[in-house]
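Here's the structure we're looking at; comments come further down.
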Amino acid sequence: ARKNLRQELHRLSKTPLGVLLEQRPDTIALDGFSLDVQQFRTFLTEGAFEAALELYQGSLLEGLELRGATGFDEWLPLAREALASERAKALERAAQVREAAGNLRAALEAYLTLLAEDELQERHHRETMRLQILLGEREAALKQFERCQVVLRREFALEPLPETVAVAERARSQQFQIPTKQRDVVNTPGLESPLVGRETAWQKLERAYREGKPVLLAGDAG
């Protein structure tokens, strides 16, 4: 076995791979290269979720199939699933960061991506509905709720959780929409005042509502 190993290492040293081989008395390793999977996980550890998502370009070793590779063909599907799960968590965290920064549309896009890849996660339906309501898209939120109902009934014979139903009820009962863009023509103001310049405060109210915390409103009216 040692003789075969020496011969193989000698053969590899004559190939382009040879410059990356690091040989020590007791170990053999590759050196002098960068690994995107390692960088992806480093970004996650550092909280750089946007950079991690930009780096993730698809399934691990997509399209690679090795016949007769005992052990490898068992490892690869598990490794792909693990990385996909990490990417899904990164999308969730990125959505939270985007929302905290006031970029509701980008946060919504993250949850829509998650649903496109796995629509069995009820919390992703619920977060999508909540963001759609914040953006004034009540009809879209109600359609999303209907889709959630269909998926849960078909796959699990279950109904949505009470908290998901509560978000749908809020979409049905909401009496105003948050304006998403400035009107080109300004007409005589109506009797109902729109919510302008209070998106951050509204998000805090939403967060308190989800966590069941009391909220004190103070300040001048108007």
Going from [atom1] on [X] to [atom2] on [Y], what distance comes out if it is rounded to the nearest 0.5 angstrom?
X      : Y      : atom1 : atom2 : value
Leu12  : Gln23  : CG    : CD    : 8.5 Å
Glu127 : Leu115 : CD    : CG    : 10.5 Å
Leu135 : Leu104 : CG    : CG    : 5.0 Å
Tyr111 : Glu92  : OH    : CD    : 5.5 Å
Leu91  : Leu112 : CG    : CG    : 11.0 Å

Query raised in the report: Should Glu62 and Arg80 be marked as a salt bridge (Lys or Arg N to Asp or Glu O under 4.0 Å) after you check the CA-CA gap, both sets of side-chain angles, and the distance that decides it?
Result: CA-CA 9 Å; Glu62 189 171 7; Arg80 284 172 174 169; over 6 Å; no
Query raised in the report: Is the count of non-hydrogen atoms from other residues, nucleotides or ligands lying under 6.0 Å from Gln38 atom CD greater than 12?
Result: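 No, because the 6.0 Å sphere around CD of Gln38 holds 12 heavy atoms or fewer from other groups.
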Query raised in the report: If you draw a 6.0 Å radius around CD in Glu169, do more than 12 non-hydrogen atoms from other residues or ligands fall strictly inside?
Result: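 Enclosed.
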Under a single-linkage definition using a 4.5 Å side-chain heavy-atom cutoff for Ile, Leu, Val, Met, Phe, Trp and Tyr, are [X] and [Y] assigned to the same hydrophobic cluster?
X      : Y      : value
Phe43  : Leu83  : yes
Leu131 : Leu53  : yes
Val19  : Leu21  : yes
Val97  : Leu55  : yes
Val167 : Val165 : yes

Quick one: do [X] and [Y] make a salt bridge, cutoff under 4.0 Å?
X      : Y      : value
Glu109 : Arg98  : no
Arg105 : Glu137 : yes
Arg170 : Glu206 : yes
Lys89  : Glu86  : no
Lys3   : Glu8   : no

**Report entry** Atom of Ala95, atom of Ala107 and distance for their closest heavy-atom approach
**Finding:**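 Closest approach of Ala95 to Ala107, heavy atoms only: O-CB, 3.4 Å.
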Requested in this report: Could you pull out the closest heavy-atom pair between Leu60 and Ala79, with the gap in Å?
Outcome: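 Taking Leu60 first and Ala79 second, the nearest heavy atoms are CD2-CB, 3.6 Å.
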**Report entry** Test side-chain contact (heavy atoms from CB on, under 4.5 Å) applied to Leu120 and Phe156, step by step
**Finding:** CA-CA 9 Å; Leu120 300 182; Phe156 307 114; 4.2 Å; yes
Report task. Test ring pair (Phe, Tyr, Trp, His ring centres under 6.0 Å) on Tyr56 and Phe40 and set out the steps. Result -> CA-CA 7 Å; Tyr56 191 97; Phe40 171 76; 5.6 Å; yes
Query - Chi angles and distances behind the side-chain contact (heavy atoms from CB on, under 4.5 Å) call for Thr42, Glu46 - result: CA-CA 6 Å; Thr42 298; Glu46 296 173 348; 3.5 Å; yes
Query raised in the report: How would you list all residue pairs meeting ring-ring contact (aromatic ring centres under 6.0 Å, His included) that involve residues 62-104, not counting sequence neighbours?
Result: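 Sorted pair list: Phe72-Trp75.
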Any donor-acceptor pair under 3.5 Å linking the side chain of [X] with the backbone of [Y]?
X      : Y      : result
Ser85  : Ala82  : no
Thr128 : His124 : yes
Arg138 : Ile133 : no
Glu122 : Leu161 : yes

Query raised in the report: Within a strict 4.5 Å, meaning less than it, do heavy atoms of the Arg123 and Thr164 side chains meet?
Result: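 In short, these two side chains do not touch, never coming nearer than 4.5 Å.
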Requested in this report: For residues 142-152, pull every pair meeting side chain to side chain donor-acceptor pair (under 3.5 Å), keeping only residues two or more places apart or in separate chains.
Outcome: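 Those involving residues 142-152 are Glu119-Arg147, His125-Gln144.
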Query raised in the report: Can Glu117 and Arg87 be said to form a side-chain contact (heavy atoms from CB on, under 4.5 Å), step by step?
Result: CA-CA 11 Å; Glu117 297 175 356; Arg87 188 247 185 171; 2.4 Å; yes
Query raised in the report: Yes or no on side-chain contact (heavy atoms from CB on, under 4.5 Å) for Phe49 and Leu44, after CA distance, side-chain angles and deciding distance?
Result: CA-CA 6 Å; Phe49 304 112; Leu44 294 184; 4.1 Å; yes
Return all side-chain donor-acceptor pairs below 3.5 angstrom for residues 24-35, not counting sequence neighbours, or 'none' if the list is empty.
residue : atom : partner : partner atom : Å
Arg24   : NE   : Glu22   : OE2          : 2.7
Arg24   : NH2  : Glu22   : OE2          : 2.5

